[in-house]
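Heavy atoms only: backbone and side chains are in, while hydrogens, waters and symmetry mates are out.
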There are 2 protein chains.
Amino acid sequence: MAQTATILRTGRKFDQVLEGAREVFLASGFEGASVDDIARAAGVSKATLYSYFPDKRLLFMEVARVECQHQADACLQMIDTTAPPRDVLKMAATRMLGFMLSEFGQRVFRICVAEADRFPDLGRQFYETGPKIVRERIKQYLQDAAARGEVRIDDYDLAADQFAELCKADLFPRWVFNIDPHFTPAEIDRVIDGAVETFMARYGV
Amino acid sequence: MAQTATILRTGRKFDQVLEGAREVFLASGFEGASVDDIARAAGVSKATLYSYFPDKRLLFMEVARVECQHQADACLQMIDTTAPPRDVLKMAATRMLGFMLSEFGQRVFRICVAEADRFPDLGRQFYETGPKIVRERIKQYLQDAAARGEVRIDDYDLAADQFAELCKADLFPRWVFNIDPHFTPAEIDRVIDGAVETFMARYGV
DNA sequence: GAATATATGAACCGGTCCGTTCAGTTTCAA
DNA sequence: TTGAAACTGAACGGACCGGTTCATATATTC
């Protein structure tokens with residue numbers, strides 16, 4: 001009979017399995033990770049693993065779900081939005097790049113892109129629990145700042161997207177294409193300052 | 001004895017093999033493409049395929065090499081750089097996005113990201129035969145325009161990178177995260193015009 | 001301490017895939 | 001026409017992988 005293909009959350013070693021899967025999936029992607037590897041990394045027998053998760057795919061989706069949830073939680077801590085625009089933007093840029101350039105952020109991005117065919121919702125889920133939240137925050141801040149007369153913007157959506165993209169100048173191609181994926185603080189500051197400067201040149205009062 | 005592991009280019013069906021491999025690799029990536037699929041797509045027996053290429057990996061690398069070469073050739077046709085900056089930038093943006101948003105450009109990008117571990121040089125090769133060439137062209141143009149007093153720029157590298165990133169605002173996240181990867185000309189124009197406007201607000205005289 | 005739930009590990013199955021082999025066929029040039 | 005080079009198709013070995021099974025062992029609960 002068709003057993004309900006859901007996830008069993010009770011049991012002593014559920015968290016071990018999830019943590020091992022997280023580790024191996026992040027390191028090797030979906031296809032590259034074998035279930036035996038995951039069981040070994042989790043310190044658990046394969047039979048135990050399969051007693052919790054009906055198949056590899058659902059295990060992967062659960063790992064992705066939890067990671068996206070963590071990301072969303074981390075995004076909730078925000079910045080002092082009463083400071084001058086240049087300072088707020090600089091803080092926001094620093095935070096965004098901090099995540100984007102982290103080992104973890106890069107791995108997640110790679111997996112989202114690589115598994116886009118196999119898991120069409122993965123990218124969406126990742127975007128909505130991360131970039132989208134940040135984008136909405138920046139947009140909200142820009143609207144408030146405009147009300148205070150600190151900036152003048154016609155298209156808030158585009159402005160927020162532009163700022164996010166400006167922060168990736170130079171850095172993003174370098175790491176995504178594996179050219180020189182090692183950044184000094186000076187290099188990052190150069191990009192952030194340049195992004196703020198360009199953004200304010202267009203939208204500052 | 002150790003046969004030299006090089007590629008045999010003579011033979012009637014060499015091009016067929018390469019074309020079949022191109023088709024299947026672009027559609028399915030490296031791991032997703034089976035050698036049997038490629039042989040079938042090429043209309044060639046697997047034995048023939050292996051008489052030309054010592055293994056799947058080298059076949060993939062040769063396909064990537066040829067594609068990157070084509071990309072480099074396509075980049076050589078450039079734009080009328082005597083026009084006003086706004087027009088030149090708009091043309092350049094249209095060309096860049098035309099490639100980036102094309103089915104082919106998107107597939108290549110996905111494969112570069114997905115196979116970054118297996119083929120560390122792939123991303124570099126792709127970058128140097130495409131984005132880098134465009135970047136150098138834009139940089140050169142900006143220097144010429146600055147000499148003509150049309151723009152005022154301190155960091156040409158950063159300016160070129162910023163412009164390229166500005167062109168991706170909104171569009172890039174939407175397709176890379178599979179959110180709404182269908183763009184109307186109006187949406188593209190909005191981004192391009194916004195990119196030119198922001199760029200010129202910062203660097204225009 | 002007995003009963004029950006949970007975990008083990010090793011073997012196993014069906015499947016896919018890469019790469020090889022080989023006897024037989026087609027192509028092509030001399 | 002003849003002979004060598006290129007090609008075919010089908011099969012095969014060996015490796016890996018996802019998922020299952022089961023007899024045994026360990027932990028928990030009453």
Identify whether any heavy atom of [X] sits under 4.0 Å from a base atom; if not, whether one sits that close to sugar-phosphate; answer base, sugar-phosphate or nothing.
X	value
B:G32	nothing
B:K46	base
B:A39	nothing
B:T48	base

To the nearest Å, how far apart are [X] [atom1] and [N] [atom2]?
X	N	atom1	atom2	result
B:Y50	D:dA6	OH	P	20 Å
A:L49	D:dT20	CG	P	11 Å
A:F53	D:dT20	CZ	C1'	18 Å
A:R40	D:dC17	CZ	C1'	12 Å
B:Y52	D:dT8	OH	C1'	13 Å
B:I38	C:dC17	CD1	P	11 Å
B:D36	C:dT16	CG	P	11 Å
A:L59	D:dG19	CG	C1'	13 Å

Could you tell me whether [X] and [Y] have a side-chain N and a carboxylate O separated by less than 4.0 Å?
X	Y	value
A:K132	A:E136	no
A:R190	A:E187	no
A:D193	A:K90	yes

Original post:
Can you name the nearest heavy-atom pair linking B:Y141 to B:P84, along with the distance?
Top reply: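 B:Y141 and B:P84 have their closest heavy atoms at OH-C, 4.0 Å.
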**OP:** Map A:A47 and A:V35 onto DNA chain D by nearest heavy atom, then report which one ends up closer to the 5' terminus.
**Re:** A:V35
Original post:
Parallel, tilted or perpendicular: which fits the ring planes of B:F177 and A:F126, with parallel below 30° and perpendicular above 60°?
Top reply: tilted
Subject >> Of the listed nucleotides C:dA7, C:dG19, D:dG18, the one nearest the side chain of A:K13 >> reply: C:dA7
Original post:
Pick the nucleotide of DNA chain C nearest each of B:R12 and B:D37; which residue has the one closer to the 5' end?
Top reply: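 Nearest-nucleotide comparison on DNA chain C picks B:D37.
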